[in-house]
Amino acid sequence: MVAAPSRGRVYHHLAFRLSLWYGAILVLLAMLCFSIFYAAMISAMRQQSDAYLLGVANHCSELLSQQGLKASLEALDREVEFAGANDVFYRVFDASGHRIASSNLSLWKDVQADVRPAPAPGTATVFENWTGTGHHSLVRVVSLRLGPSATLQLGQSVQEGQRVVHDARRIMGVAMVGMLLLAILTGWIMGRRAMSRINHLTQTVGGISHDNLAQRVEISGRNDEVDQLAQSFNGMLDRIQGLVEGMKQTNDNIAHELRSPITRMRGLAETTLAGGQSIDDYQAMAADTVEECDRLLGIINTMLDIAEAEGRVVAWSVGQVDMAEVAADACELFEPAADLKNITIQVQSNGPCLVRGNIQQLQRALANLLDNAVKYSPAGGHVAVTVSAEGGKVAVRVVNSGPGISAEDMPHIFERFYRGVEGRPMPGTGLGLSLSVAIARAHGGGITVASRPGEETVFVLRLPSSPVDPS
Ligand code: ADP
């Protein structure tokens, strides 16, 4: 029995593990997206602040050169007033680094703007980040030369923007946890739904036993992977059922076939023992027993040969075989038996017809067909064997006149131990055609039959032809 994962061990459920992976990958991707977004936001805000500071400073520089320091300082005061003294500050230094003007720095004590050293006179434009507390926890500052005798330091609190970014980060963090939970939950539900069909399949397969081989897995009709798996299982079960039934039938047949001769031998022995017990009686019993034993041995050996051909357990020596030659030899072998019934045997081929295989096995396969042809042809009938090459195959046709095969017998004649209406009164075991087919299949070929009652019977043994061996 195949056991489904126990309910307690959630981690062992594929659905749970899949949803964990699904959630983790989703969150990783979301984190990556957010990091890119976060970095882009910070950079955009810094650029915006720098552009603002530089714009104001450049305007003051222009005013200084055109209208003098007073106009420039007035413009700075207006800007601070407009933007808010708590949001923007400025300081102007002379060439010796003394502060000559500033906005209200008492509001900027938390960043200690007034005690920060003046920028070195004549330095190029420098941007800095100052840190403080509260509203001024992050301040963007630019130092710029306004003219030969004045240096401006202009600062702007970017804390507001920073707060927005921090809020966004917090919201994204919470959203990500929510997303992870939702992803795991959705993944779990979807996974369970997909797995429920697999579990059903596992249970069905687990419930199939030797007595219950007819059970099949349900197919939903969606034609998805689970349906394909179910179809493969059902196909496999069909084959197993066929094999088990075949084995069962073969066992029944063997038991039946063995029982009759053994019963006969026992009856013979019993009658002999109960009778006059003369030496002639014992000799007759021994002769009958030998005959029955030979028959039994014949059945057992043929069964073993069929099993060997079907399972290819013994490696046959393989070489190039001319089926035209095999057919000619076989016909010659059966001529005496045919003569006894006044049957004519003809063999015909147009040149060598080569196949690759084991010559003894191929001779046996053809001999069974010829044996049947002679056996079932009425006295005075005819048997014709033709060998020809047809589209990559070699075909050996065995035609015999005669009673033909009835429609009821036709589907069964290749089954083991099956004997048709015509066959039952004749000597035989019902294994000849089974062996021939097994040998033909082991060589990559097969046997077909065409016959109707009262008409000729045509058996065709087809084998893959082999190219001429240069050696
Ligand atoms: P057996 O010949 O020992 O009965 P086979 O397996 O060779 O067993 O053949 C199975 C059955 O097929 C035969 O019993 C017979 O009914 C039928 N059969 C086979 N070959 C021929 C044939 N050439 N003509 C008519 N019937 C045949």
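The basis for the numbers below is simple: all heavy atoms, side chains too, and nothing from hydrogens, waters or symmetry mates. As the structure lists them, so they are numbered: ligands from 1, and atoms in each ligand from 1.
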Shortest non-hydrogen contact from V347 toward C331 = CB-SG, 3.8 Å
Of all heavy-atom pairs between S406 and V421, which one has the smallest distance, and what is that distance?
-> OG-CG2, 4.4 Å
Do we see a donor-acceptor contact under 3.5 Å between the side chains of D281 and T272?
-> no
CG of N400 to CG of N372, rounded to nearest 0.5 Å, is 8.5 Å
Mind listing the closest non-hydrogen atom pair of P427 and K375 along with its distance?
-> O-NZ, 3.0 Å
Please determine, by modelled atom types, if Q159 and H166 share a side-chain donor-acceptor pair under 3.5 angstrom.
-> no
Distance from atom 23 (N) of ligand 1 to nearest protein heavy atom, with residue and atom = N400 OD1, 3.0 Å
Heavy-atom proximity to atom 18 (N) of ligand 1, picking from Y418, F414, Y376, points to Y376
Non-hydrogen atoms of D409 versus ligand 1: any pair closer than 4.0 Å?
-> no
Examine T429 against ligand 1 and note whether any of their N/O atoms are separated by less than 3.5 Å.
-> yes
Heavy-atom nearest neighbour of atom 16 (O) of ligand 1 within options G420, P427, G428 | G420
Distance only, no hydrogens: is a donor on one side chain within 3.5 Å (strictly under) of an acceptor on the other, for Q48 and R140?
-> no
Hey, is F459 touching ligand 1 through its side chain, its backbone, both or neither, going by heavy atoms under 4.0 Å?
-> side chain
Go through E257 and R416 one step at a time and tell me if the salt bridge (charged side-chain N to carboxylate O under 4.0 Å, His left out) criterion holds.
-> CA-CA 11 Å; E257 288 299 315; R416 276 169 223 189; over 6 Å; no
min-distance protein heavy atom vs atom 17 (C) of ligand 1 -> I413 CG2, 4.0 Å
re atom 8 (O) of ligand 1, the protein heavy-atom contact at minimum distance is G430 CA, 3.1 Å
Identity of the nearest option to atom 26 (N) of ligand 1, non-hydrogen atoms only, from V399, I405, V458 | I405
Quick one: look up the protein heavy atom nearest atom 5 (P) of ligand 1 and list residue, atom name and how far away it is.
-> L433 N, 3.7 Å
Heavy-atom nearest pair, Q320 first then R356, reads N-NH1, 4.3 Å
What atoms in ligand 1 come closer than 4.0 Å to a heavy atom of G432?
-> 5 (P), 6 (O), 7 (O)
Ligand 1 contact by M426, heavy-atom criterion under 4.0 angstrom | no
Considering only non-hydrogen protein atoms, determine which one is nearest to atom 19 (C) of ligand 1 and report residue, atom name and distance to 0.1 Å.
-> N372 ND2, 3.5 Å
Can P403 be said to touch ligand 1, with heavy atoms closer than 4.0 Å?
-> no
Would Y418 and N253 count as having a side-chain donor-acceptor pair, cut-off 3.5 Å?
-> no
Looking at K375, which atoms of ligand 1 are within less than 4.0 Å of one of its heavy atoms?
-> 1 (P), 2 (O), 3 (O)
Any idea which protein heavy atom is nearest atom 4 (O) of ligand 1, and the distance to it?
-> R419 NE, 2.7 Å
